Amino acid sequence: MVRGLRVSMLLLAVLGNLAWSFTAKAEYNGKLTVEIDGLKNKEGQVCASIFASSQGFPNQRDRVLQSQCIKINDTPLLLTFENLKAGNYAVAIMHDQNNDRTLNSNILGIPIEGFGFSSNPEVKTRAPKFGEAAFLVAGPNTKIQVKLKYF
């Protein structure tokens, strides 16, 4: 009886410890590094926006979780997003050659500046959906690569 009680107490302690460690790991703040390649030139800046859901992806600025623009110095270019909870995200990137923070397009609506998305989905007649560009942040350091496209 006493031995059974000891085993039960030990099992409870181990399971409690495991549950605590899983909870602690799920509450971390992760860092995402985005490596951007395929720049046509070093004019202007590169702007990136990260979305935590499909709402607003890829171009509604009021739905962006974080965004930033940086001058182009080296290629490939590295951007970092901090304080990300574990979960699915998608990133939209543009090569803002004229520094107006807008993906400029021609009269037919075809982009005249470079653009790219996380997971590098094929883009033909429309922007990708969130699920096509989504990736998982599940650790303290996540790195993705995005290749820019130009039409």
Side-chain angles (χ1 to χ4, degrees), residues 11-106 108-151:
L11 239 140
L12 280 173
V14 168
L15 289 175
N17 242 354
L18 282 174
W20 180 83
S21 69
F22 284 130
T23 302
K25 288 179 183 174
E27 294 179 8
Y28 71 89
N29 286 329
K31 178 173 86 171
L32 170 67
T33 302
V34 182
E35 181 181 303
I36 303 162
D37 203 4
L39 287 158
K40 185 166 76 171
N41 57 52
K42 293 185 177 183
E43 295 173 19
Q45 61 187 350
V46 169
C47 296
S49 299
I50 186 166
F51 294 79
S53 75
S54 62
Q55 293 183 343
F57 180 79
N59 57 6
Q60 288 184 355
R61 292 180 183 176
D62 60 332
R63 299 291 188 159
V64 169
L65 182 64
Q66 294 180 34
S67 66
Q68 59 179 295
C69 294
I70 63 169
K71 291 270 183 211
I72 303 167
N73 294 322
D74 291 323
T75 57
L77 192 61
L78 296 177
L79 286 170
T80 303
F81 292 99
E82 307 261 354
N83 299 318
L84 299 174
K85 303 287 184 203
N88 286 318
Y89 297 91
V91 175
I93 298 172
M94 71 170 169
H95 179 186
D96 183 19
Q97 294 181 65
N98 61 355
N99 294 311
D100 68 352
R101 293 185 179 238
T102 301
L103 181 61
N104 300 120
S105 57
N106 65 18
L108 300 174
I110 298 171
I112 58 174
E113 295 178 304
F115 62 92
F117 303 96
S118 48
S119 300
N120 296 300
E122 189 173 340
V123 177
K124 289 190 176 181
T125 58
R126 63 164 176 81
K129 296 181 179 179
F130 180 84
E132 296 169 325
F135 62 93
L136 180 64
V137 171
N141 293 302
T142 302
K143 185 175 183 179
I144 64 170
Q145 295 177 324
V146 175
K147 176 125 173 114
L148 293 184
K149 297 170 179 40
Y150 295 84
F151 287 120

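When reading the values below, keep in mind they use all heavy atoms of this one structure, side chains included, and skip hydrogens, waters and symmetry mates. Because the structure is a prediction, the values reported are computed rather than measured.
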Chemist: Which residue pairs pass the salt bridge (charged side-chain N to carboxylate O under 4.0 Å, His left out) test when at least one of the two sits in residues 41-50, sequence neighbours left out?
Modeler: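 Pairs touching residues 41-50 that pass the test: none.
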Chemist: Excluding sequence neighbours, so at least two apart, what forms side-chain contact (heavy atoms from CB on, under 4.5 Å) with Thr80?
Modeler: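 With sequence neighbours excluded, Thr80 shows a side-chain contact (heavy atoms from CB on, under 4.5 Å) to Lys31, Thr33, Glu82, given in chain and number order.
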Chemist: Can you tell me how far apart OG (Ser118) and CZ (Phe130) are? Round to the nearest 0.5 Å.
Modeler: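 It is 8.0 Å, given to the nearest 0.5 Å.
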Chemist: Taking atom CG of Asp37 and atom CG of Leu39, what is their separation to the nearest 0.5 Å?
Modeler: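 If I round to the nearest 0.5 Å, the distance is 7.5 Å.
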Chemist: Please check if the side chain of Asn106 supplies one atom and the backbone of Gly109 the other of a donor-acceptor pair under 3.5 Å.
Modeler: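 Indeed, once roles are kept as given, a pair shorter than 3.5 Å links the two residues.
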Chemist: Any side-chain heavy-atom pair from Phe81 and Leu65 closer than 4.5 angstrom?
Modeler: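 No. Closest side-chain heavy atoms not under 4.5 Å.
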Chemist: Are the side chains of Asn29 and Lys85 in contact, using a 4.5 Å heavy-atom criterion?
Modeler: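 Yes. Closest side-chain heavy atoms under 4.5 Å.
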Chemist: Between Leu32 and Val91, does the side chain to side chain contact (heavy atoms under 4.5 Å, CB included) criterion hold? Intermediate values first, please.
Modeler: CA-CA 10 Å; Leu32 170 67; Val91 175; 4.1 Å; yes
Chemist: With Asn98, which residues qualify under side-chain contact (heavy atoms from CB on, under 4.5 Å), at least two apart?
Modeler: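 Result, side-chain contact (heavy atoms from CB on, under 4.5 Å) vs Asn98: Asp96, Asp100, Asn104, Glu113.
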Chemist: Between CZ of Phe117 and CD1 of Ile93, what distance do you get to the nearest 0.5 Å?
Modeler: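 Atom-to-atom, Phe117:CZ and Ile93:CD1 are 9.5 Å apart.
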Chemist: How close do Pro128 and Phe57 get, heavy atom to heavy atom, and via which atoms?
Modeler: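 Of all heavy-atom pairs spanning Pro128 and Phe57, the closest is O-CE2, 3.4 Å.
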Chemist: Side-chain donor-acceptor contacts of residues 143-151 below 3.5 Å, not counting sequence neighbours, with atom names and distances?
Modeler:
unit_1: Lys143; atom_1: NZ; unit_2: Glu35; atom_2: OE1; d: 3.4
unit_1: Gln145; atom_1: NE2; unit_2: Glu35; atom_2: OE2; d: 3.2
unit_1: Tyr150; atom_1: OH; unit_2: Lys40; atom_2: N; d: 3.1
unit_1: Tyr150; atom_1: OH; unit_2: His95; atom_2: ND1; d: 2.5

Chemist: For residues 132-142, dump all side-chain donor-acceptor pairs below 3.5 Å to protein atoms at least two apart in sequence or in another chain.
Modeler:
unit_1: Glu132; atom_1: OE1; unit_2: Arg126; atom_2: NH1; d: 3.1
unit_1: Glu132; atom_1: OE1; unit_2: Lys129; atom_2: N; d: 2.7
unit_1: Glu132; atom_1: OE2; unit_2: Arg126; atom_2: NH2; d: 3.1

Chemist: Can you see which heavy atom on Cys69 is nearest to which on Gln45, and at what distance?
Modeler: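 Taking every non-hydrogen atom into account, CB-OE1, 3.4 Å.
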Chemist: Could you measure the distance from the CD1 atom of Ile50 to the CD atom of Gln68? Nearest 0.5 Å is fine.
Modeler: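 One gets 9.5 Å once the value is rounded to the nearest 0.5 Å.
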Chemist: Just jot down the side chain to side chain donor-acceptor pair (under 3.5 Å) partners of Asn99, sequence neighbours excluded, or say none.
Modeler: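 Side chain to side chain donor-acceptor pair (under 3.5 Å) check on Asn99 returns nothing, list empty.
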Chemist: Ignoring hydrogens, what is the shortest heavy-atom contact between Phe51 and Asn59? Give both atom names and the distance.
Modeler: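 Looking at all heavy atoms of both residues, the closest pair is CZ-N, 4.1 Å.
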Chemist: If you apply the rule side chain to side chain contact (heavy atoms under 4.5 Å, CB included), what do you find for Gln60 with Gln55, and how did you get there?
Modeler: CA-CA 8 Å; Gln60 288 184 355; Gln55 293 183 343; over 6 Å; no
Chemist: How long is the gap from OG on Ser105 to CD1 on Ile110, to the nearest 0.5 Å?
Modeler: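 Ser105 OG to Ile110 CD1: 9.0 Å, rounded to 0.5 Å.
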Chemist: Quick one: OG on Ser49 to CE on Met94, what's the gap to the nearest 0.5 Å?
Modeler: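 It comes to 7.0 Å.
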